[in-house]
S.K.: 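Starting off with a structure, shown below.
Ligands are counted one by one from 1 in listed order, and the atoms in each one are counted from 1 as well. Because the structure is predicted, anything quoted here is derived from the model rather than measured.
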Amino acid sequence: MPGVIGVVDHRNAPRLSPLAGTFFGPDGGLLMLQDGVVPYAGCPVALVVARTPEQAKAAADALPVTYDEQPHDTHFSAGHPAARPASTVFGEDANVGDVEAELARSAVVVDEWYRTPEEHCGAMELHSATAWWDGERLQAVDCNQGPFIVATGLATLFSLEPERVRVRAEHVGGGFGSKGLCGPQLVLAVMGATLFGRPVRVTMSRHQVFLMTPPRPATEQRVRIGAGADGSLRAIDHEAAFEVSPLASYVENCVEPTKTLYAAAAIRTRLTAVPLDILPPFSVRGPGLTPGSFALESAMDEVAERLGLDPLELRLRNEPAAGPVSGLPFSRRDLVACLREGARRFGWADRDHRPRTRREGRLLAGTGLAATAFSTGALPSSASITAEADGSFTVAVGASDIGTGARTALIAVAADALRVGTDRIRMRIADSDFGPAWAAGGSRGTASWSWAITDAAAKLRERLGDPERPVTVTADTTRVLGGLPPRERHAYSAIFAQVTADPATGEVRVRRLLGMFAVGRVVNPLLARSQAVGGMIMGLSMALHEEGVRDRASGRQVNADFAGYHIAAHADVPDVEADFVPDYEPDDPSGIKGVGEIGTVGTAAAIANAVWHATGVRQRTLPIRVDRVLEDDPR
Ligand code: MOS
C-alpha cells in the first residue's frame, strides 16, 4: 500500500528482556510482539510504519490478522477461585489485637461490601513517542512521568547499557499514572526505529489509549468496624480484593488508610489479587488509597449512623497518638486541623445528622464528609546546578512536569536555596541524561526533586567565592534519605460535599465541594490549589461517572472512548473550594510533603456519604449511577 515502510509483528520484532525487579514487580505487559499469543483483548499484534499517519492507519486497517480462540476469563469477583494473597511490596498485612473478640465486644458493628469499577486515567494528551538511533545511542522523545525511570526500563527491555539510552519528556499533557512506566508507544516506536533504521513516531488513538494503557483495577472490599457506644473504635477489619493480570504483579494498596487513620484496639488488613486475562492494571490517580478510602470512609459514616453520632465527632474521637499498626511516631499529623477548619468553613455545625430530612423543591439534599491520609516522603533523586559566567544558574533535574506546574515550583525552590531571584534560574527538566530522579508519581515528585536541588544549591553556595565560572555541582539524595528516622509521614485531608438527588430521575448533582488539606509546606499556592481542586474533581468523577465496562464474551472494554466513558465535564462540576492548614514536614529541608493525589483520595466517600444523607440509602458501589439511585430508593 502507498507509503508503507514495513510491518513489525511477532516474527520480526526485536527480542525483549523482562523488566524484573522494578518497583511494582515484573511487567510482562510490555513484552509485546514476542509470540503469537494475545493475552488480553486490545493487545497489539502488529505495528505498521508508513510515511504519513494516514497511510499507516489505512495499512494497519487492511492488515489481515487471523486468530484462534482460546478460553478466557475476565470476570472479576473477590471470591474468584484463582484469588491469592497479594505481594507485600507495600508492607505486611496488619494484625494488631484480636479483631473477632473486639467485634464481639462492640456496641455496633458495620459489616459491608464496597465495590469500585475499572477506571481509566484519560489524560488529554494521547500517548505518543518518537524514537531514533543516533549512532550507537537510542534517543526518544516521549510523554511520561519520569524520563530516568523510563529510560532505565527501556534499556532493560532492549538489553542496552543504560548510558546508550536517552529519553526526554519535556512537555506532557497529563498522566495520572498512565505514563508512569515505559509505555507501549515507546516500546513500539523503538522496535520500528530499530528494524527500519529511521525515526519512528507512534501516537495511539484514543481508543488504543483505553485498550492498551493500564486502568485502575476493579475492587471488592469488605470492611468490618466495631465501635463502643461512645464512638471509640474497637476493631477495623479491611479485606480488599482487586483484579490483576498474570503478566504483572501490581498491588492496588487499598488498605493503607486503614493502617494509619484511626486508633482501634484491633486492626486487621488483607490484600487479595485475582489474576484475569486482562491488560495489567497499574497506578491511577491515588492508586489503592482512592478505592480503599471510599470503602473505609463509607463504613465510618455507617458507624456514625448506627451510633447516632456526628461523623465529624466520630473521627475526632479516634485520633491515634502514634501509628496504629506501625507504632511509629507521626512526623506531623494535622488531620484534626483539617477536619475542624473544614467543618467551620463548610458550616457543618448546623447539620441535622438524620438522613432524608432536607428538600429543595422536589430534590433531596444532603451533606457528607470524609477524611483521609496519603503517604508522603522524598525518594532518591539527583540534581545538578551550574553557576554560569553571567551570574545566572542552570538547574538540571530529571523531573517531569505533567501539567502540575512542577517546573514553576522547582524554580522557586531553587531560587530560595540559592538565595537569588527566580529570574536568575534556568530550569531544565525531563531528560534522563540529567541522572537518576524519581517520577511525577506517588505525590512525591516535588519533595524528591526539591531535596536534590536544595542539596546541590548548598554545595554550590560553598563555592560561590570561586572565580572560576561556569562551575557545576551535583547532589544525590540516596544516602541522606537512607538515614532518615522511621516515621509515619502523610498528607491529610477533610473533604465536605453537598449534593442533591432527584427522586424522579435518580440524578445526583454535587452542589459544593470543600477540601481542607495538610500537605506540608505549600511551595506555590496557586499550583497547589489547582492540584487539590483537580484532584477533587477526579474524585467527583469517580463517585458519579467513571466506569470501564467489560464485555464478558469478548473480554474487551465496551466503552473505550470519551463518548462511552464519561469523565466529569464542566457542567458536572460545582463550586470547588480547596485550602491548606499550616503544615510542614520536619524531616524535609523545604518542609514539603506532597499535594499530588490527596485531593482525589477522600472525595468519592464524602459524596457517597452526602448521597446517603440526602436519600437515606447507602451507595456502596461506584459510580453512583442513576439506575442505582432509583433501584435503591425505598419508596
Ligand atoms: Mo500517580 S497514579 O502516583 O502516577
S.K.: In terms of side-chain geometry, is the basic nitrogen of E546 or R216 positioned less than 4.0 Å from the acidic oxygen of its partner?
M.R.: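 No, this pair does not count.
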S.K.: Quick check on ligand 1: any N or O pairs to the protein under 3.5 Å? One line per pair.
M.R.:
{"from": "ligand 1", "atom 1": "3 (O)", "to": "G442", "atom 2": "N", "distance (Å)": "2.6"}
{"from": "ligand 1", "atom 1": "3 (O)", "to": "E597", "atom 2": "OE2", "distance (Å)": "2.8"}
{"from": "ligand 1", "atom 1": "4 (O)", "to": "Q145", "atom 2": "NE2", "distance (Å)": "2.8"}
{"from": "ligand 1", "atom 1": "4 (O)", "to": "G177", "atom 2": "N", "distance (Å)": "3.3"}

S.K.: Is there a side-chain contact between C182 and L157 in this structure, where contact means two heavy atoms from C-beta onward sitting under 4.5 Å apart?
M.R.: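 Side chain of C182 against side chain of L157, heavy atoms only: contact under 4.5 Å found.
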S.K.: Do the non-hydrogen side-chain atoms of F282 and L181 ever get within less than 4.5 Å of each other?
M.R.: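 Yes, side chains in contact.
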S.K.: So R625 and E547, side-chain contact (heavy atoms from CB on, under 4.5 Å) or not? Walk me through it.
M.R.: CA-CA 10 Å; R625 299 188 316 232; E547 181 174 28; 2.9 Å; yes
S.K.: Should the pair R333-E488 be classified as a salt bridge under the 4.0 Å nitrogen-to-oxygen rule?
M.R.: no
S.K.: Using 30° and 60° as the class boundaries, would you call the ring planes of H120 and F210 parallel, tilted or perpendicular?
M.R.: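 Ring orientation, 0 to 90° scale: tilted.
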